[in-house]
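These numbers come from a predicted model, not from an experiment. Only this structure's heavy atoms are used, side chains among them; waters, hydrogens and symmetry mates stay out.
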Amino acid sequence: QVQLVESGGGLVQAGDSLRLSCAASGRTFSTYAMAWFRQDPGKEREFVAAISWAGGRTIYADSVKGRFTISRDNAKKSVYLQMKSLKPEDTAVYYCAAGASSTATMDSRRYDYWGQGTQVTVFS
């Protein structure tokens, strides 16, 4: 069992940066692939970024590539999303997810545990 708690969201101006954190509980965190998804009201949940269990593989949505960076610290049982050059279209609730398959994937069905989300709002 893994519990996830996101933090770091906020209200920022376009062009600013934010760093999201996701703290996990559970002894098997280091074996899980981790990902960030986001969802704006009225829209479908959207993949943002994912990282494999050891951090050797990362994948990103085209919309955030070059601006966002996902990383993890297995010793701290945490995963991070560094977001730069934020745009109003990045506004959403950001969710952290953990997948027992260990492989980074864009497929939300491969993730078994989800956090409650943290709101990111970017104004122009």
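Relative orientation of the Trp114 and Tyr95 rings is perpendicular, given thresholds of 30° and 60° on the angle between their planes.
Residues Leu18 and Ile51 share a hydrophobic cluster, clusters being chains of Ile/Leu/Val/Met/Phe/Trp/Tyr side chains in contact below 4.5 Å. Residue Val48 is grouped with residue Val122 when hydrophobic side chains (ILVMFWY) are merged at heavy-atom distances under 4.5 angstrom, including chains of intermediate members. In the hydrophobic cluster analysis, where Ile, Leu, Val, Met, Phe, Trp and Tyr join through side-chain heavy atoms closer than 4.5 angstrom, Phe37 is grouped apart from Leu4. With hydrophobic clusters built from ILVMFWY side chains whose heavy atoms lie under 4.5 angstrom apart, Tyr94 does not share a cluster with Phe47.
Heavy-atom contacts from other residues, nucleotides or ligands closer than 6.0 Å to CD of Glu44 number 12 or fewer. More than 12 heavy atoms of other shown residues, nucleotides or ligands fall within 6.0 angstrom of atom CD in Gln119.
In the hydrophobic clustering, Trp53 connects to no other residue, as no ILVMFWY side-chain heavy atoms lie under 4.5 Å from its own.
Distance alone, capped at 3.5 Å, places no donor-acceptor pair between the Asp40 side chain and the Lys43 backbone.
Across every non-hydrogen atom of Leu81 and Ala49, the tightest pair is CD1-CB, 4.2 Å. Listed here is the closest heavy atom pair of Gln39 and Arg45: NE2-N, 3.7 Å. Scanning both residues, Phe29 and Asp73, for their nearest heavy atoms gives CE2-O, 4.2 Å. Taking all atoms of both residues into account, the shortest heavy-atom contact from Gln82 to Ser17 is NE2-CB, 4.0 Å. Closest of all the heavy-atom pairs between Tyr111 and Ala33 is CE2-O, 4.0 Å. Across Arg57 and Ala104, no two heavy atoms sit closer than the pair NE-O, 3.9 Å.
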Verdict with reasoning, Lys77 to Ser25, per side chain to side chain contact (heavy atoms under 4.5 Å, CB included): CA-CA 7 Å; Lys77 295 185 179 180; Ser25 63; over 6 Å; no
Check the pair Met83 / Val12 against side chain to side chain contact (heavy atoms under 4.5 Å, CB included), numbers first and verdict last. CA-CA 11 Å; Met83 305 185 293; Val12 297; over 6 Å; no
Test side chain to side chain contact (heavy atoms under 4.5 Å, CB included) on Glu46 and Ser63; report intermediate values, then the result. CA-CA 10 Å; Glu46 176 187 21; Ser63 59; 3.7 Å; yes
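Side-chain contact between Trp36 and Cys96 is present, with at least one heavy-atom pair separated by less than 4.5 Å. With a 4.5 Å cut-off on side-chain heavy atoms, Ser124 and Pro88 count as touching.
For residues 56-93, the set of pairs meeting the ring-ring contact (aromatic ring centres under 6.0 Å, His included) definition, not counting sequence neighbours, is empty.
Electrostatic pairing of Lys65 and Asp62 counts as a salt bridge here, judged by a charged N lying under 4.0 Å from a carboxylate O.
Tyr32 does not carry Arg72 over the face of its six-membered ring by the limits of under 6.0 Å from the centre and within 45° of the normal.
Evaluated for a side-chain contact (heavy atoms from CB on, under 4.5 Å) with Arg38, the options Thr91, Val64, Thr118 yield exactly one hit, Val64. With Ile70 as the fixed residue, the side-chain contact (heavy atoms from CB on, under 4.5 Å) test singles out one of Ile59, Val79, Leu20: Val79.
Atom CG of residue Leu86 and atom CZ of residue Arg67 lie 6.5 Å apart, to the nearest 0.5 angstrom. Note that the OG atom of Ser7 and the CD atom of Gln116 stand 13.5 Å from one another [nearest 0.5 Å]. Taking CG of Asp112 as the reference point, atom CD of Gln1 lies at 10.0 Å (rounded to 0.5 Å).
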